[in-house]
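As a basis for the values below, the full set of heavy atoms in this structure was taken, side chains included, without hydrogen atoms, waters or symmetry mates. Everything quoted here is computed from the prediction, not taken from an experiment.
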Amino acid sequence: MKRRHFLTSAAAFSAMPLLSGAEEAKPSKGRGNRIGVSSYSFWGFNREDLRPIDVCIEHAARMGFDGFEILQRQLVSTEPAELMKIKRRAFLLGLDLMGYSTHQGFLSPDKEKRKKNVDETISYLEQAYQMGIPTIRVNSGTWGTSKSFDELMANRGEEKPLEGHNEEDAYGWVIEAYQQLAKEAEKRGVVMGLENHWGLGRTVEGVKRVVEAVDSPWLRVTLDTGNFLENPYDRLAALAKDTVLLQTKTYFGGGVWYTLDLDYNRIAKIMRDAEYTGYVSLEFEGKEDPLTAIPKSLELLRGAFAG
């Protein structure tokens, strides 16, 4: 390239406006969402032959998924060498490691207990960073006043606060924890997604209150289609703009705790209208054999989120 042509080109380039931090690139219209699957879909907390992550990754690749989400509790070991084996295996099979689903709880007046959960969540952020996973699912936690998870589900996620405390106390504890954690997430470049789960995440208002109070790009929303048991579409739409990962439930064979008849074409339109172009992650939660139900779920999601 001649020097004069180079200088002219460089000058023209320098005159082009650059995107500021507030002006993020607009998503491409018409591009479908990539589809991943959670290791939870295979294991379901009780299928021990499908607990090994390498087995789940191989099934996911064979079935044709684009990405893979790891349920942190499913890992037998979190030693760095074991995490690197998972990272290598996914890469060789052409799968993105795109989500890390973790558990923590901050609904406790015990400051040391809350600190322990903060420290554990920092370790999850570090594990995700080591594996190159860009986002982790996080929760507010529950009060722990239900006798079991089955009882919590029977009560549709509603739970009495600990005696002498209320939800206002809980918001203070949860917001304080995530204000600390947002700084740790930023150091590692891992976005936390507060799920519309149980506890304070049971309502749109609860999720929004925490996310808006923390006010950090490193705490957004992991949106789960199966956790709003009534009026799901309006409630999903209310959180769609802040979503960094969409988790999608299917219930072939009937659900373990409940079954929702979800219209995924309608949900896909809600997400497109919100300009969501990120990953869709399958969480199969039915009684059918996952090795037959998961491919059917993939076909369903591909059809809906094709763009």
Side-chain angles (χ1 to χ4, degrees), residues 38 40-41 43-46 69 71-74 99-110 113-114 116-118 120-121 124 135-163 165-178 181 192-214 219-232 234-236 238-239 242-251 255-260 262 281 283-286:
S38 172
Y40 164 73
S41 296
W43 180 42
F45 287 110
N46 58 25
E69 180 182 6
L71 176 64
Q72 198 275 339
R73 285 187 177 175
Q74 191 168 339
Y100 200 42
S101 198
T102 71
H103 292 79
Q104 50 283 113
F106 304 106
L107 271 60
S108 171
D110 186 334
K113 185 175 181 179
R114 298 199 306 272
K116 180 176 181 290
N117 276 266
V118 166
E120 287 177 350
T121 305
Y124 304 152
T135 186
I136 73 169
R137 185 283 302 270
V138 295
N139 296 307
S140 71
T142 61
W143 287 103
T145 54
S146 301
K147 294 178 182 177
S148 66
F149 188 73
D150 289 337
E151 181 181 288
L152 181 66
M153 291 298 91
N155 292 328
R156 305 181 77 76
E158 293 190 39
E159 192 178 37
K160 291 182 179 179
L162 288 167
E163 188 174 349
H165 298 281
N166 56 42
E167 282 202 346
E168 284 305 306
D169 298 323
Y171 279 111
W173 300 328
V174 172
I175 290 166
E176 179 185 38
Y178 282 112
L181 287 166
M192 297 180 293
L194 182 64
E195 186 179 357
N196 57 310
H197 206 58
W198 315 120
L200 301 185
R202 196 175 61 81
T203 65
V204 168
E205 295 74 20
V207 175
K208 279 185 168 290
R209 179 169 172 179
V210 174
V211 170
E212 290 173 2
V214 174
L219 178 68
R220 308 314 294 163
V221 174
T222 293
L223 188 58
D224 191 309
T225 63
N227 288 347
F228 287 140
L229 305 186
E230 293 88 21
N231 306 315
D234 289 345
R235 297 165 85 183
L236 292 170
L239 293 174
D242 290 322
T243 296
V244 292
L245 180 65
L246 180 67
Q247 293 179 330
T248 49
K249 293 287 201 302
T250 62
Y251 304 93
V256 177
W257 294 286
Y258 53 82
T259 303
L260 298 181
L262 296 168
S281 184
E283 287 191 329
F284 170 62
E285 210 166 71

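Ionic pairing of Arg209 and Glu168 is present here: one or more N-O contacts between side-chain nitrogen and carboxylate oxygen are shorter than 4.0 angstrom.
Take Glu163 and apply the side-chain contact (heavy atoms from CB on, under 4.5 Å) test, not counting sequence neighbours, and it matches no residue. The side-chain contact (heavy atoms from CB on, under 4.5 Å) search around Asp234 returns none, not counting sequence neighbours. Partners of Trp143 under the side chain to side chain donor-acceptor pair (under 3.5 Å) rule, at least two apart in sequence or in another chain, do not exist in this structure. Val214 meets the side-chain contact (heavy atoms from CB on, under 4.5 Å) test with Ile175, Tyr178, Gln179, Ala182, Val210, Ser216, Leu219; sequence neighbours excluded. Residues passing the side-chain contact (heavy atoms from CB on, under 4.5 Å) test with Asp242, sequence neighbours excluded: Lys208, Arg220, Val221. Remark: Glu167 engages no residue in a side chain to side chain donor-acceptor pair (under 3.5 Å) (not counting sequence neighbours).
Judged by distance alone, the side chain of Arg114 and the main-chain N or O of Ser108 form a donor-acceptor pair under 3.5 Å. A donor-acceptor contact shorter than 3.5 Å is absent between the side chain of Asn139 and the backbone of His103. At distances below 3.5 Å, at least one donor-acceptor pair connects side-chain atoms of Asn166 with backbone N or O atoms of Asp169. Not a single donor-acceptor pair under 3.5 Å links the side chain of Asn117 to the backbone N or O of Phe106. A donor-acceptor contact shorter than 3.5 Å is absent between the side chain of Ser101 and the backbone of Leu71. At least one donor-acceptor pair under 3.5 Å links the side chain of Thr102 to the backbone N or O of Arg137. Between the Thr222 side chain and the Leu245 main chain, no donor and acceptor come within less than 3.5 Å of each other. Of the possible polar contacts, none joining the Asp224 side chain to the Asn196 backbone as a donor-acceptor pair under 3.5 Å is found.
In terms of heavy atoms, Ser38 sits closest to Ser281 at N-OG, 3.8 Å. Nearest heavy-atom pair, Thr142 versus Glu159, reported as atom, atom and distance to 0.1 Å: CB-OE1, 3.2 Å. Nearest heavy atoms, Phe228 versus Leu223: CE1-CD1, 4.4 Å. Taking both residues in full, the closest heavy atoms of Val204 and Ala238 are given as CG1-CB, 3.8 Å, listed atom of the first, atom of the second, then distance.
A heavy-atom distance below 4.5 Å is found between the side chains of Glu195 and Asn227. Looking only at side-chain heavy atoms (C-beta outward), Thr225 and Pro232 stay at 4.5 Å or farther from each other.
Ring centroids of Tyr171 and Trp173 are separated by 6.0 Å or more, keeping the two rings apart.
No side-chain donor-acceptor contact under 3.5 Å links Glu69 and Tyr40.
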